[in-house]
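Below you'll find the structure, written out as structure tokens, and then a few comments.
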Amino acid sequence: MPTALITGGHAGIGFECAKQLASRSRYNLVLAGRSMEQINAAAQQLRTDYGIRVSTLELDTSSLGSVRDAAAKFRAMLDSGEVDSFQALLCNAGGYFRRPLSYSKDGYETTFATNCLGHFLLIELLIERMVDDGRIVFTASGTHDPDTADGKMVGIVAEPDAIALANDGKNGKRHLSAGKRYSTSKLCMILYAYELHRRLRRAESSIASIAFDPGSVPETGLIRTIPKPLQWLAKTRFMKWITKRVGITQGSIGFSGASLAKVAADPAYGNASGRYFQSNDDALRDTRSSKLSYDEQLALKLWNDSKTLVRLRPNEGSVELL
Ligand SMILES: NC(=O)c1ccc[n+]([C@@H]2O[C@H](COP(=O)([O-])OP(=O)(O)OC[C@H]3O[C@@H](n4cnc5c(N)ncnc54)[C@H](OP(=O)(O)O)[C@@H]3O)[C@@H](O)[C@H]2O)c1
């Protein structure tokens, strides 16, 4: 049976997606994340409910050391046969980090380290082990687009400059707001998705690289760092009615999770590489991302700077993609 590795697959949209991959697509799963107690409980539930094989992998996407360790363990799982046919990699883990500004173990701003750099390195370390028609899905967000209500509400994106984002607020300099850090990290995920798509096509690989926006889903853990009354308000029917009226993309745990699973595994999305899919109002649409996200020069610079930041070693990474 094919296997999907999903980061943050034990909670929120990721867990719903995991259930769909197990039940509809009959994928075996590897749940990767940092909260092992919750991950083990989710893995057991999936095994019991769907009779699939589920492995677990300790992975903190904000730490380059943890990503390297997890990639080595995953390769060992493939070598030992615990996991076979590595079909899908879902870069789904992510966070919205409010004040105070914080930095990862490697000294990089937490949002950019968690949402972007960890996944960038994970892909570099694992892509060579994927099957020919594998799929990599980047969970992005409509907030990446400053021309939409999503982008305006959460924070207009800053320049997707990896070095500046990793060092945001250092040396007493003014830092970006939490909303801008989040939106910009999601723009970077789309730029990675498109740049990877171009590199894969140049290398004549048939692996797909796809960007996905689940839409606004306030019921997940994503907004756990905002004040409790605001969390409560965001989940009310009244607030959903308002956000819909102003044009915020409307997701739901069930539909958005199922949509992520579709993009990652459904044969209908076999030709989806280099595209952006959005879950809105119970419809999954192939849509345009922001103007900036199609800027190939920006994407190339982001890719090369990210490579420098993750300190890719000569024996790491895929030769064609470097
Ligand atoms: N909910 C929305 O409105 C919305 C809208 C657009 C895009 N998204 C994106 O959808 C994805 C899933 O989010 P969600 O809404 O389902 O929120 P969620 O319930 O908070 O799930 C996020 C997942 O990411 C994991 N994670 C966070 N930091 C991590 C780290 N350093 N290392 C490993 N795993 C980490 C979390 O694990 P822990 O349990 O360890 O924290 C959790 O499993 C995210 O990329 C988010 O940005 C969400």
Side-chain angles (χ1 to χ4, degrees), residues 5-19 30-43 56-67 69-70 90-97 102-106 108-119 121-122 137-145 148 150-151 153-154 178-179 181-190 192-193 211-226 231 234-235 239-240 243 248-257 259-261 263 276-280 289:
L5 189 166
I6 173 164
T7 65
H10 65 282
I13 295 161
F15 188 46
E16 194 56 39
C17 168
K19 290 188 217 163
V30 179
L31 302 185
R34 60 188 173 165
S35 308
M36 290 317 287
E37 209 173 305
Q38 292 167 46
I39 292 172
N40 286 329
T56 62
L57 194 58
E58 190 159 5
L59 166 70
D60 176 350
T61 58
S62 74
S63 157
L64 300 178
S66 172
V67 174
D69 287 350
L90 282 74
C91 300
N92 164 77
Y96 176 94
F97 302 94
S102 62
Y103 297 92
S104 69
K105 282 185 188 155
D106 307 287
Y108 301 146
E109 190 283 315
T110 304
T111 317
F112 187 62
T114 305
N115 297 359
C116 302
L117 286 177
H119 287 121
L121 179 59
L122 191 65
V137 184
F138 294 77
T139 299
S141 163
T143 60
H144 85 279
D145 187 344
T148 63
D150 303 79
M153 188 182 77
V154 172
R181 292 198 298 272
Y182 179 78
S183 308
T184 311
S185 76
K186 294 301 175 178
L187 170 61
C188 292
M189 288 296 266
I190 300 176
Y192 284 154
F212 170 72
D213 167 29
S216 169
V217 189
E219 289 77 14
T220 69
L222 190 72
I223 55 171
R224 69 186 100 159
T225 58
I226 70 169
Q231 288 184 39
K235 293 171 196 165
M239 202 43 150
K240 286 188 184 170
T243 58
I248 299 291
T249 310
Q250 302 290 309
S252 68
I253 294 197
F255 190 81
S256 302
S259 298
L260 176 56
V263 170
Y276 173 69
F277 293 86
Q278 190 169 57
S279 160
N280 189 12
S289 49

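Order of listing sets the numbers, starting from 1, for every ligand and every atom in it.
At the top of the distance list for atom 37 (O) of ligand 1, counting protein heavy atoms only, stands His10 CE1, 3.3 Å. Atom 3 (O) of ligand 1 has Val217 N, 2.7 Å as its closest protein atom, hydrogens excluded (heavy atom only). In terms of protein heavy-atom proximity, atom 19 (O) of ligand 1 is nearest to Gly221 N, 3.0 Å. In this structure, the protein non-hydrogen atom closest to atom 25 (C) of ligand 1 is Ala93 CB, 3.7 Å. In this structure, atom 46 (C) of ligand 1 lies nearest to the protein heavy atom Tyr182 OH, 3.5 Å. The closest protein non-hydrogen atom to atom 41 (O) of ligand 1 is Arg34 NH2, 2.8 Å.
The two residues His119 and Met189 come nearest to each other via the heavy atoms ND1-CE, 3.8 Å. Closest approach of Leu31 and Ala43 over heavy atoms only: CD1-N, 3.8 Å. Between Gly94 and Leu222, the shortest heavy-atom contact is O-CD1, 4.0 Å.
Residue-to-ligand polar distances keep Gly33 apart from ligand 1: every N/O pair is separated by 3.5 Å or more.
Compare Ala11, Gly94, Ala140 by their heavy atoms: the one nearest to atom 7 (C) of ligand 1 is in Ala140. When Thr225, Ile223, Val154, Thr220 are ranked by how near their heavy atoms come to atom 17 (O) of ligand 1, first place goes to Thr220.
Contact annotation: for Leu222 versus ligand 1, heavy atoms closer than 4.0 Å belong to both the backbone and the side chain.
Separating the SG atom in Cys188 from the CZ atom in Phe138 is a distance of 11.5 Å, to the nearest 0.5 Å. The line from CZ of Phe212 to CG of Leu90 is 9.5 Å long, rounded to the nearest 0.5 Å.
The environment of NZ in Lys105 is sparse: at most 12 heavy-atom neighbours from other residues, nucleotides or ligands sit within 6.0 Å.
Under 3.5 Å, the side chains of Ser62 and Thr110 contain no donor-acceptor pair of N or O atoms.
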